Amino acid sequence: MALVYHQHEVVIVGAGGAGLMAALALRGRDVAVLSKLHPVRSHTGAAQGGIGAALGNMEEDHWEWHMFDTVKGSDYLADQDAVEILAREAVETVMDLEHWGLPFSRTPEGKIAQRKFGGHTKEYGKEAVRRSCYAADRTGHMILQTCYQQGIRHQVKYYNEYMVVELLVESGRTAGVVAVSIADGQLHVFHAKAVLFATGGFGRMYEVTSNAHALTGDGVAVAWQAGVPIEDMEFFQFHPTGIYRLGILITEGARGEGGKLLNGKGERFMERYAPSMLDLAPRDIISRCIYRELREGRGIHGQGYVHLDLTHLGAKVIHEKLPDITDFVRTYLGIDPVKEPIPVQPTAHYAMGGIPTDMWGRVVVDEKNKILPGFYAAGECACVSVHGANRLGTNSLVDILVFGRRAGRDIARYVGENEYPPLAPHAGEATGERLARLREGRNGSGGRAESVADLRETLQREMMEKASVFRTSGLLAQMSEKLFELRQRFQNVVIQDRSTVFNTDLMEALELGFLLDVAEATVAAALARSESRGAHFREDFPQRDDQNWLKHSLAYRGADGKIEFKYKPVTITRFEPKERKY
Amino acid sequence: MAELTAAGGRTRPAGKLELYAWLFMRVSGVVLLFLALGHLAIMHLLEGVDKINFAFVAGRWSNPLWRFYDWFLLALALVHGFNGVRVMVDDYVRRPGLRVFSLVMLWVLTLVFLVAGTLVIVLFQVPVGG
Amino acid sequence: MHIRLRVKRFEAGKDREPYWSEYGLEVEATDRVLDALHRVKWHQDGTLTFRRSCAHGVCGSDAMLINGRNRLACKVLIRDVGDHIAVEPLRGYPVIRDLVVDQSAFFRKYESVQPYLVADGEPPARERRQSPAERERFDDTTKCILCMACTTSCPVFWPNPEYVGPAAIVNAHRFLFDSRDTEKEGRLARLNAGDGVWRCRTIFNCVEACPREINITRAIGEVKKALLLQKG
């Protein structure tokens, strides 16, 4: 099939909060927004709890406190100059959202309402502060809708259900992307001056996750394949309260409203682990505590879950402040949270690591922050790094909007100053061949035919067992071997669907390839880091080791598939690393 | 004003017709309820159907108020019914030819019954002697 | 438990008519219908095609007819529908493949009601004030996830694709009753047109279909009332 060529000054891949904010910052320019879904289906819409900003509407608050909480929450791995920007610009970002019409919940005086959230404190850690600005328990839904609506207003150009499979780099400059339009299987080459990846995370590496099926690390893997290193892949956050077995998220906001975690003995076990913040301690800490309780046999009826108890909050609070999670729990468990506690377990939730960028969203390709001209990244797929080793709740929504907009602004400057780069004469053809072989079942090397689903299920199960909350060198090494085996078997994957029309079988095969990429980087990075920090916990190295490990990892993929590491220093400005206690 | 859309429907400009038609259906519906119940009460409960004959009707219609009542019930029911069928044709009859035919038939039938009914009530002469 | 799952199949450009495929499989009563579809696709028939993403009822990707009613496949449990399940694509829009329909006309309708806040004048330095009561006024219609279940369940929409449809009206309502919006007249004018709100015959299919439990017919009624009070 012949390739279709397009030329746009800017190509944005991903139409969630980060991609849409960048598109809005670029309004009036020649921009194409590509999404493998329809924009309103993006995972930003699943975010529940709120967006953190030091508005000070309910009590005194300052961006410096927000910055401190974020740095401490990151276990001091976040780059503090970037965190300062996050905390400062959060306030104006929330105001902009409100001006665009976002229906925030309100205080009696009519101001934006705020609630407590894990890890957010006043006076540098004294006690919990109300910093999370929320719209009932569907803040992410409202943010995605509001940004999409503004996109309609400003006539943003969308290419919906286009899946990007390759990043084009020509003579050290970004030249565009190659994408397949899912509806007809046609391959498209987008020639551009600048490309922004805002493709989200990769929770689908794991068996129990809050993430949508679409979150398979496409952008991160495609960048990695193009030679860009990826940063801090060992840090993957497990959110403490996912619905048992389903992984569906129950917002931290439930604990912000007063919900408690109870073990099989009815104890509020967080009293033992985090006496000051209790159930509002940061997520990585609570997830580990839950796992410990479960390992020591204190799960409910000895099973693999604990209880999230909202029964003391009363029907009024639950129905007004937490209507959506009430619906989830009723639909999927047949439980009324007003009357019964909710069975929860940690669920794979957020990737702190990703494509390394500077504070303007420009992708850097080495430890000295050398920029790859024309390539940008923002949102969960990027690593600025503002979340370091662990992300605080409500900070992702701030991150995607603040850095999505900043990337958009810098792209505007960049395309104004630069011409189109040359495009390689046969750009995209090799990829087209590869896809055609896969679709037509001609890709095998003669070994036993493998199914995408079997390989993926094995990957997810093994990663959950061997590379999730508690890690050891033994388990990680086993996982590494398993990944090697899966990669070999992946060469012989055969799909059943031969059609060019909306071939989701082919999509899932490509997505599995991306998942293998990010899983390999994650496991290698986890093996390399012999300390525990934030969400990365090594039972064989349970202490934090600032002397040797206060640095960001950069994973490089060699031509032979071997992964090597370089390390980037952490930028420290205001807050010297201290022990992280709550 | 009579331009057709791709699906064969008429796109009417923004105007007051549909708004008032909608309101009319609701108001006339309630009024008809009372008129019809009243009619039922008179014919079945107070008099009894076996007592209805020419003389009975003539007797009622010697009082102009009853003539008006019956005319009003007839006219309102016809217009209410007309609008209801108009709306159904508008929703479900897409083919231009069939659409025109249906609406013409609807108008004709409604007007015929309205005129005929009005004439009957207005021109009826109570025979001398009761 | 064992279930029988029938799915209506069709590929644009290849099939002249849709046909049914039947699958037998083992599931738990608490599995979602989406889980059953996945199990078929992943272990029996890789050609089965459907949209999905979040799998918990917030993204709106997987609206379809399940045993004759518009539902989200990820919100319906097997125990809600029993062991004989029939799944079809939404009505009223062209089928691209199996359970995937062409969404573009639906989103054009959405765009036609100006679904973004229009607020005259310079915005204040901080947030515009809005009381909790004002916020509550339009809370219901903020819940819409644009899943298409309501519009494609409307018997007025089926023969009249130009009817603006319940989803578009709901999203217009969300702005009409938002105290910060200043574009009431323009929005109402669009909805007053022949293919606007007056086509609603209060059939209530939309209310039944909505997975977010939005009281759509009531919202449409409120828009009608707003038009009435404006003109009358």
Side-chain angles (χ1 to χ4, degrees), chain A residues 37-38 40-43 45-46 55 94-95 98-101 103-113 135-136 138 140-142 145-146 149-150 152-153 160 183 212-214 246 248-249 324 327-328 331-334 451-454 456-457 495-499 501-505 508, chain C residues 11-14 30 32 38 41-43 45-61 75 77 96-98 100 103-104 107 110-111 114-119 123-132 134-135 138-139 142-146 174-175 178 180-181 212-213:
Chain A
L37 308 169
H38 185 284
V40 301
R41 316 287 179 222
S42 304
H43 204 55
L55 302 185
V94 166
M95 291 306 162
E98 196 283 329
H99 294 156
W100 289 345
F104 283 105
S105 295
R106 300 281 173 162
T107 67
E109 305 92 46
K111 297 195 273 189
I112 294 173
R138 46 189 130 91
H141 163 78
M142 302 305 345
Q145 295 251 321
T146 303
Q149 287 159 2
Q150 289 296 307
I152 291 174
R153 183 180 202 172
N160 295 335
H213 288 276
L246 294 171
I248 294 170
L249 192 70
D324 277 20
D327 185 42
F328 295 147
T331 302
Y332 296 109
L333 298 171
S451 102
V452 171
D454 287 341
R456 187 182 53 228
E457 280 163 20
I495 63 175
Q496 288 189 296
D497 194 348
R498 298 264 171 269
S499 172
V501 176
F502 223 96
N503 190 333
T504 49
D505 214 9
E508 290 191 25
Chain C
E11 184 177 324
K14 174 162 156 268
T30 49
R32 296 158 275 198
H38 270 143
K41 183 181 178 64
W42 293 340
H43 301 291
D45 181 357
T47 65
L48 180 59
T49 304
F50 47 93
R51 288 192 177 109
R52 84 306 187 240
S53 195
C54 76
H56 63 282
V58 296
C59 74
S61 300
K75 279 197 91 168
L77 303 187
I96 299 175
R97 183 128 184 241
D98 295 349
V100 174
Q103 310 175 108
S104 39
F107 281 100
Y110 171 68
E111 289 169 23
Q114 272 190 293
Y116 43 83
L117 190 80
V118 178
R126 302 273 302 186
E127 65 265 55
R128 287 194 176 86
R129 295 294 175 103
Q130 184 174 63
S131 72
E134 285 171 333
R135 168 64 179 79
F138 63 101
D139 182 62
T142 60
K143 296 181 192 160
C144 177
I145 54 177
L146 298 169
R174 171 256 178 281
F175 288 103
D178 186 335
R180 303 167 292 176
D181 186 73
R212 304 282 285 161
E213 292 176 3

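Everything quoted here is computed from the prediction, not taken from an experiment. Every chain is numbered from 1, with letters handed out A, B, ... down the list of sequences.
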Quick check on the interface: out of [options], who has the most heavy-atom pairs with chain C under 4.5 Å?
{"options": "Thr107(A), Val501(A), Leu246(A)", "value": "Val501(A)"}
{"options": "Asn503(A), Asp324(A), Asp454(A)", "value": "Asp324(A)"}
{"options": "His38(A), Met142(A), Gln145(A), Glu109(A)", "value": "His38(A)"}

Non-hydrogen atoms of chain C under 4.5 Å away: do they reach the side chain of [X], the backbone, both or neither?
{"X": "Glu457(A)", "answer": "side chain"}
{"X": "Leu55(A)", "answer": "both"}
{"X": "Arg41(A)", "answer": "both"}
{"X": "Asn160(A)", "answer": "neither"}

Proximity breakdown for [X] and chain A, heavy-atom pairs closer than 4.5 Å:
{"X": "Gln103(C)", "answer": "side chain"}
{"X": "Phe50(C)", "answer": "backbone"}
{"X": "Arg135(C)", "answer": "side chain"}
{"X": "Glu11(C)", "answer": "side chain"}
{"X": "Asp98(C)", "answer": "neither"}
{"X": "Arg126(C)", "answer": "both"}
{"X": "Lys143(C)", "answer": "both"}
{"X": "Ala119(C)", "answer": "neither"}
{"X": "Leu77(C)", "answer": "side chain"}
{"X": "Leu48(C)", "answer": "backbone"}

- [ ] Validate the cation-pi geometry between Arg456(A) and Trp42(C): distance from NZ or CZ to the six-membered ring centre under 6.0 Å, angle to the ring axis within 45°.
- [x]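 Yes, Arg456(A) sits over the ring of Trp42(C).
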Task: Salt bridge Glu98(A)-Arg106(A), side-chain N to carboxylate O under 4.0 Å - done: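 Salt bridge flag = yes for Arg106(A) with Glu98(A).
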Task: Pair Glu508(A) + Arg52(C): basic N to acidic O under 4.0 Å - done: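 Looking at Arg52(C) together with Glu508(A), the answer is yes, because their closest N to O distance falls below 4.0 Å.
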- [ ] Identify which of Ile145(C), Ile96(C), Asp45(C), Thr47(C) forms the greatest number of heavy-atom pairs closer than 4.5 Å to chain A.
- [x]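 Option with the greatest count: Thr47(C).
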Open item on the list: At a heavy-atom distance under 4.5 Å, which candidate from Ser131(C), Cys59(C), Gly13(C) has the highest pair count against chain A?
Closed with: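 Among Ser131(C), Cys59(C), Gly13(C), the one with the most close pairs to chain A is Cys59(C).
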Task: Aromatic ring proximity, centroids under 6.0 angstrom, His38(C) and His213(A) - done: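 For His213(A) and His38(C), the ring centres are under 6.0 Å apart.
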Open item on the list: With a 6.0 Å cut-off on the ring centroids, do Tyr332(A) and His56(C) count as close?
Closed with: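 Aromatic pair excluded; centres sit 6.0 Å or further apart.
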Open item on the list: Pairing donors with acceptors under 3.5 angstrom, does anything connect the side chains of Asp497(A) and Ser499(A)?
Closed with: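 Absent: no donor and acceptor within the cut-off.
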Open item on the list: Under a 3.5 Å threshold, yes or no: a donor from one side chain and an acceptor from the other, between Tyr110(C) and Gln149(A)?
Closed with: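 On atom types as modelled, these side chains qualify, holding a pair under 3.5 Å.
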Open item on the list: Which residue is it: Glu134(C), Arg129(C), Gln130(C)? I am looking for the one with a side chain to side chain contact (heavy atoms under 4.5 Å, CB included) to Arg180(C).
Closed with: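 Exactly one option meets the side chain to side chain contact (heavy atoms under 4.5 Å, CB included) with Arg180(C), and it is Gln130(C).
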Task: ring-ring contact (aromatic ring centres under 6.0 Å, His included) against His43(A), all qualifying residues, sequence neighbours excluded - done: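 With sequence neighbours excluded, His43(A) shows a ring-ring contact (aromatic ring centres under 6.0 Å, His included) to no residue whatsoever.
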Task: Residue list, side-chain hydrogen bond (donor to acceptor under 3.5 Å, both in side chains) with Thr49(C), at least two apart or on another chain - done: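 Listed in chain order: nothing, the list is empty.
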